[in-house]
Amino acid sequence: MAYNFKEIEKKWQEKWYSEGTFNAKNDYSMKKWYGLIEFPYPSGQGLHVGHPRSYTALDVIARKRRMQGYNVLFPIGFDAFGLPAENYAIKNHIHPKITTEKNINHFRAQLKSLGFSFDWSREVNTTDPDYYKWTQWIFIQLYKHGLAYKATMPINFCTGCKVGLANEEVVNGVCERCGSPVVQKEKSQWMLKITEYAQRLIDDLDDVDYLDKIKAQQRNWIGRSEGAEVTFKIADSDETLTVYTTRPDTLFGATYMVVAPEHHIIEKLSSKITNMDEVEEYKRKTSLKSDFERSELNKEKTGCEVKGIKAINPLTGKEIPIWISDYVLITYGTGAIMAVPAHDTRDHEFATKFNLPIVQVIKANSDDIACDVQKEAFTDVETGVLINSGFLNDLSVKDAKKKVIEYLEENHIGKKQVNYKLRDWVFSRQRYWGEPIPMVHCDKCGWVPIPEDELPLKLPDIKDYEPGENGESPLAKHTEWVNTTCPHCGGKATRETDTMPQWAGSSWYYLRYMDPHNDKALASKEALEYWSPVDWYNGGMEHTTLHLLYSRFWHKFLYDIGVVPTKEPYQKRTSHGMILGSNGEKMSKSKGNVVNPDEVVDEFGADSFRVYEMFMGPFDQTAPWSMESIRGCSKFLDRVWNLQTMLVDGDEYSPKFEKMMHRAIKKVSSDIEEMKFNTCISTFMTMVNEFYKEKTINKAEFKTFIQLLNPFAPHITEELNKSVLGEKEDLAYQKWPEYDEAKTISDEITLPIQFNGKLKGTVQIALDEDEASVKQKVHEAIDQKLEGKTVVKEIYVKNKIYNIVVK
RNA sequence: GCAGAUGUGGCGGAAUUGGUAGACGCACAGGACUUAAAAUCCUGCGAGGGUUAAACCUCGUGCCGGUUCGAUUCCGGCCAUCUGCACCA
């Protein structure tokens, strides 16, 4: 007898969502739990089967928390600004607002069909002016506190379409749409000073419960390094060139310098440079490459000597040549390096190619370690000792670093410097479908934020979303919107026409959920105090270095200005693995391996879908989709449904199942906390197999079983609770089952016996049986196999194993 | 290239974190039920050898080496795959 999931699931969903069963309560005296999933971008393709993996996982936890008596906030919303909607609009001439609304309606219906316990009364949408009013408000606060500034930054510029492109739209250096070459074009952009928070973003990781791999990736991305800045004089000039190095100890070995092709020194000294044509040509070639291509190590090094100018090594006093090369990035450090080919792999490669001198200044402290620096750079920091380095000779690398920095500081030619790989956040987009940046430019007053009581600055309703000429935003064409008056002096002024990146809205959405309809503040003080921080945030590993870091940055800023009560937004962060197509590749239309969740729900039901996604593999690892395997989960739920045919009376667990029941409660309770959902499901399956084997289950066992299963398969279990057990109260808020530790422990143990670590037999012993007695039993069981062997040693690990070392 | 992860039967995976490798599921095979099929229920299922059947023996967790009474688990070195790299979200 199969259960009618179509009817049953629909019935419960209608009840839940019309009654608001799962809405958070406004009773701030209750203990709270705030669970968060990354709100989706409502794409035209609809929900991906990957979305429900994360949502089901946190839904399971949220449902368990309600049963544990928490006031649960488990909200949902839509991150709806973005490129795809805009590109669709350009192609099909449908306003992004319309497609976005349509897509959200589709997503909402899909999400409801899966029975997630979201609080739909708090739904947010980043494109709603009532929402982005506060995104703009935060930007203005950032500006007022000096954390938003204008800088000239390169954008990808398509030489064919004459428009700015996102990185994603650049494929192998050409425009995705027209195939024309893409170049880097300088443009004045809004930047956010995330680097000001770099140290705190590292330090405060100690106070949060993130997976270690997430912390590691954030730390590496921020990339703190300690070193020195050293200033090199340019011969016959007042100009200087400052470099950043993590190896100031090798300064005596600096035989040339390399600057990024964009470095300002080139312009400043252009009159002295004798091969400007060559330099310009190299710069032009570089502008075709991304930073990513430029930093690839295995590619052949390229470069060009800047002739006519020389730098002076401040320690040796020698003149050294200056080169430009694209492996030096303008965005890191000072955009210039001192090259020590003897002790840096990249410098060595470069020096070898262009025949530059290699001077050894460090040797190994042991003759056993080979180091022919003409052949290969010697980079070992631990075993190195300084040579050919004047006052640094015979020091270890560590001591030499210290001493040379002291020297540099005393002589005002350098200083100790901490550097971060993290760069400031380019916050401007030359696009239509984003939050307008609420700034006005006045010739007299400069940049002026619009008054806060005029927020939101609404995105004008335009029809031509085509990017403007020369990489301008589409908004730039709408002069009636652009031209305005200066809020400061009342004179003529123009609006900023760039919009914000999609990251803006998602950097603070978790705050809005706490009080989504507030029109006086982004959320009330009381709501922020009660709900902060998010207790558990789950999302993809791919968001670790961008979204997660950006939102931590914004949160810390809001903390600094007294808006939020906690230093960190998220107390705990976990991640889910991607779901791949059945061929083990990423799902994509072109590969034809996309699974539509609607079809799966239609064929197997929401509960089967949810159980399968939890069962398919370890939660934080990628897993391929399998239509065959989901059938197994659907079969499992049929077997659960049919347990009712073997149901007997009983208020307590029967002796034959008692241990299994207590163990199951213990295991499922802790596995959910550890996100080991796959082993929860296998526990349920094993239990059902046991009930089938005995062809009986009593009411007490049945009740506990459906309670444990409820967070995973809420519809079928609520139905069984009502129709079979006749309960009036839904499972959703019933108390989570408890177990008795004493009843999970066996008093008898099957003890494995090994010879040299290999299993040779087993023996039954009592729990904590004394060793002499165990030894006797083991030898009774195994002695015949010991014939002809010499016992060297016997090892007994209490209640675990008995190993006999034999010869 | 840099950074983070992963590698166990035909397949997805489990293993109390150093202690019986392969739980649970899929696929497959056999049986029961049925006129029959589907569904359902029951049984078997790492490889090789061995036995009428068992017992039993050997090998086996990407590869090479190490530590240990004992290694999927710890250490060193390789190889392969996946994810991110700042304007996709």
Side-chain angles (χ1 to χ4, degrees), chain A residues 1-2 38 40-41 43 79 81-84 153 155-156 164-170 189 194 212-214 216-217 219-221 223 290-299 327 331 346 421-431 501-503 506 540-547 549-550 575 577-578 580 584-586 612 615-618 620-633 635-636 638-639 642 667 676 678-679 681-686 689 692-693 750-762 785 792-795 797 800-806:
Chain A
M1 169 171 65
E38 287 169 343
Y41 173 75
S43 78
D79 189 15
F81 275 129
L83 212 53
M153 294 297 291
I155 59 164
N156 298 310
L165 297 178
N167 284 349
E168 197 193 40
E169 299 171 296
V170 183
Q189 313 232 53
I194 188 171
D212 285 342
K213 61 178 176 181
I214 295 174
Q217 233 175 60
R219 285 199 185 99
N220 290 334
W221 181 260
S290 65
D291 278 7
F292 176 46
E293 288 171 293
R294 285 171 56 170
S295 56
E296 265 185 315
L297 267 191
N298 57 352
K299 61 135 208 209
Y327 81 96
T331 46
R346 286 165 306 178
K421 279 195 194 128
L422 184 70
R423 312 204 293 253
D424 277 341
W425 176 4
V426 183
F427 200 68
S428 298
R429 299 291 183 272
Q430 296 72 44
R431 290 284 176 171
Q502 187 163 35
W503 309 109
S506 60
M541 240 3 237
E542 68 275 20
H543 290 117
T544 303
T545 52
L546 299 180
H547 159 66
L549 209 56
Y550 289 151
S575 78
M578 258 196 337
L580 305 172
E585 289 180 75
K586 206 169 168 173
Y612 173 62
F615 183 59
M616 65 196 303
D620 68 342
Q621 284 173 35
T622 55
W625 184 269
S626 161
M627 276 302 181
E628 284 76 48
S629 291
I630 193 172
R631 217 158 265 132
C633 294
K635 201 167 105 179
F636 160 68
D638 282 338
R639 279 162 73 83
N642 288 332
K667 180 155 179 62
K676 289 160 82 174
N678 51 338
T679 52
I681 306 295
S682 68
T683 301
F684 296 138
M685 287 171 167
T686 306
N689 290 348
Y692 269 66
K693 214 171 268 171
T750 305
L751 187 76
I753 306 167
Q754 299 179 329
F755 290 178
N756 301 336
K758 294 204 168 164
L759 183 73
K760 291 293 159 184
T762 59
K785 289 192 182 173
V792 180
K793 200 172 161 188
E794 296 184 31
I795 295 152
V797 182
K800 279 240 161 109
I801 202 141
Y802 200 100
N803 191 18
I804 303 172
V805 185
V806 296

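It should be emphasised that the depicted structure is a prediction, and the values quoted were computed from it without experimental measurement.
For the atom pair OH (Tyr802(A)) and OG1 (Thr762(A)), the distance works out to 15.0 Å, reported to the nearest 0.5 Å. We find the CZ-CD1 distance between Arg423(A) and Ile194(A) to be 12.0 Å, quoted to the nearest 0.5 Å.
Backbone-only contact: Val805(A) has heavy atoms under 4.0 Å from sugar-phosphate atoms and none from a base. In this structure, Lys586(A) reaches the sugar-phosphate backbone alone: every heavy-atom distance under 4.0 Å involves primed, P, OP1 or OP2 atoms, never a base. Glu628(A) comes within 4.0 angstrom of sugar-phosphate atoms only, judged by non-hydrogen atoms across all strands, and of no base. Nucleic acid contact class of Ile155(A) (heavy atoms, under 4.0 Å, all strands): base. Nucleic acid contact for Leu83(A): sugar-phosphate only, since backbone atoms but no base atoms lie under 4.0 Å from a heavy atom of the residue. Counting non-hydrogen atoms under 4.0 angstrom, Thr683(A) reaches nothing in the nucleic acid. Residue-level contact check: Phe636(A) touches neither bases nor backbone, having no heavy atom under 4.0 Å from any strand. Residue Asp79(A) is classed as a sugar-phosphate contact, given heavy-atom separations below 4.0 Å to backbone atoms only. Within 4.0 Å (heavy atoms only), Glu794(A) reaches no atom of the nucleic acid at all. At a threshold of 4.0 angstrom between heavy atoms, the contacts of Gln189(A) include nucleobase atoms, whether or not backbone atoms are also involved. Looking at heavy-atom distances under 4.0 Å, Asn803(A) makes contact with a base. Within 4.0 Å (heavy atoms only), His547(A) reaches no atom of the nucleic acid at all. Within the 4.0 angstrom heavy-atom criterion, base atoms lie near Leu422(A). Counting any heavy atom pair closer than 4.0 Å across all strands shown, Arg431(A) reaches no nucleic acid atom.
No side-chain donor-acceptor contact under 3.5 Å links Ser629(A) to the backbone of Ser626(A). A donor-acceptor pair under 3.5 Å is absent between the side-chain atoms of Asn156(A) and the main chain of Gly164(A), judged by distance alone. Between the side chain of Gln754(A) and the main chain of Ile801(A), no donor-acceptor pair closer than 3.5 Å is present. A donor-acceptor pair under 3.5 Å is absent between the side-chain atoms of Asn803(A) and the main chain of Ile753(A), judged by distance alone.
Considering every non-hydrogen atom in both Pro624(A) and Tyr612(A), the closest pair reads O-OH, 3.8 Å. Heavy atoms only, all atoms of each residue included: Asp620(A) and Lys213(A) are closest at OD2-NZ, 3.6 Å.
Nucleotide U16(B): unpaired (no Watson-Crick or G-U wobble partner with both distances less than 3.5 Å). In this structure, G50(B) forms no base pair with any nucleotide, since neither Watson-Crick nor G-U wobble geometry is met with both distances under 3.5 Å. When Watson-Crick and G-U wobble pairs are counted only if both distances are under 3.5 Å, G10(B) pairs with C26(B). Base pairing analysis places A55(B) opposite nothing; no Watson-Crick or G-U wobble pair with both distances below 3.5 Å involves it. The nucleotide U72(B) finds no pairing partner, because no Watson-Crick or G-U wobble arrangement with both distances shorter than 3.5 Å includes it. Base pairing of G4(B) is made with C82(B), judged by Watson-Crick or G-U wobble geometry with both donor-acceptor distances under 3.5 Å.
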- What string of B, S and - do you get for nucleotides 11-17 of chain B, 5' to 3', if B is base contact, S is sugar-phosphate-only contact and - is no contact with any protein heavy atom under 4.0 Å? -BSSS--

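For the pair Met541(A) and Ser428(A), both in contact range of RNA chain B, the more 5′-proximal nearest nucleotide belongs to Met541(A). Judged by closest nucleotide on RNA chain B, Trp221(A) is the one of Trp221(A) and Tyr41(A) placed further toward the 5' end.
Under 4.0 angstrom from either OP1 or OP2 of G1(B) there lies no side-chain N or O belonging to Arg346(A). Regarding contacts with the backbone of A86(B), every side-chain N or O of Arg423(A) stays at 4.0 angstrom or more from both OP1 and OP2. Between Lys213(A) and A3(B), a side-chain N or O to OP1/OP2 separation shorter than 4.0 Å is absent. Note on Lys760(A): a side-chain N or O is less than 4.0 Å away from OP1 or OP2 of U58(B). For the pair Asn156(A) and C87(B), the criterion of a side-chain N or O lying under 4.0 Å from OP1 or OP2 is not met. Between Asn642(A) and C41(B), a side-chain N or O to OP1/OP2 separation shorter than 4.0 Å is absent.
Between Tyr550(A) and Trp425(A), the ring-plane angle classifies as parallel under the 30° and 60° cut-offs.
Rounded to whole Å, the P atom of C57(B) lies 27 Å from the corresponding atom of G66(B). Taking atom C1' on both A54(B) and G62(B), the two are 36 Å apart, rounded to the nearest angstrom. A distance of about 34 Å separates the P atoms of C78(B) and C87(B), rounded to the whole Å. When the C1' atom is compared between A47(B) and U35(B), the two are found 42 Å apart, to the nearest whole Å.
Its glycosidic angle being more than 90° from 0, U81(B) falls on the anti side. Base orientation for G9(B): syn, the chi torsion being within 90° of 0.
A cation-pi arrangement, defined by a distance under 6.0 Å to the six-membered ring centre and an angle within 45 degrees of its axis, is absent between Arg346(A) and Tyr327(A).
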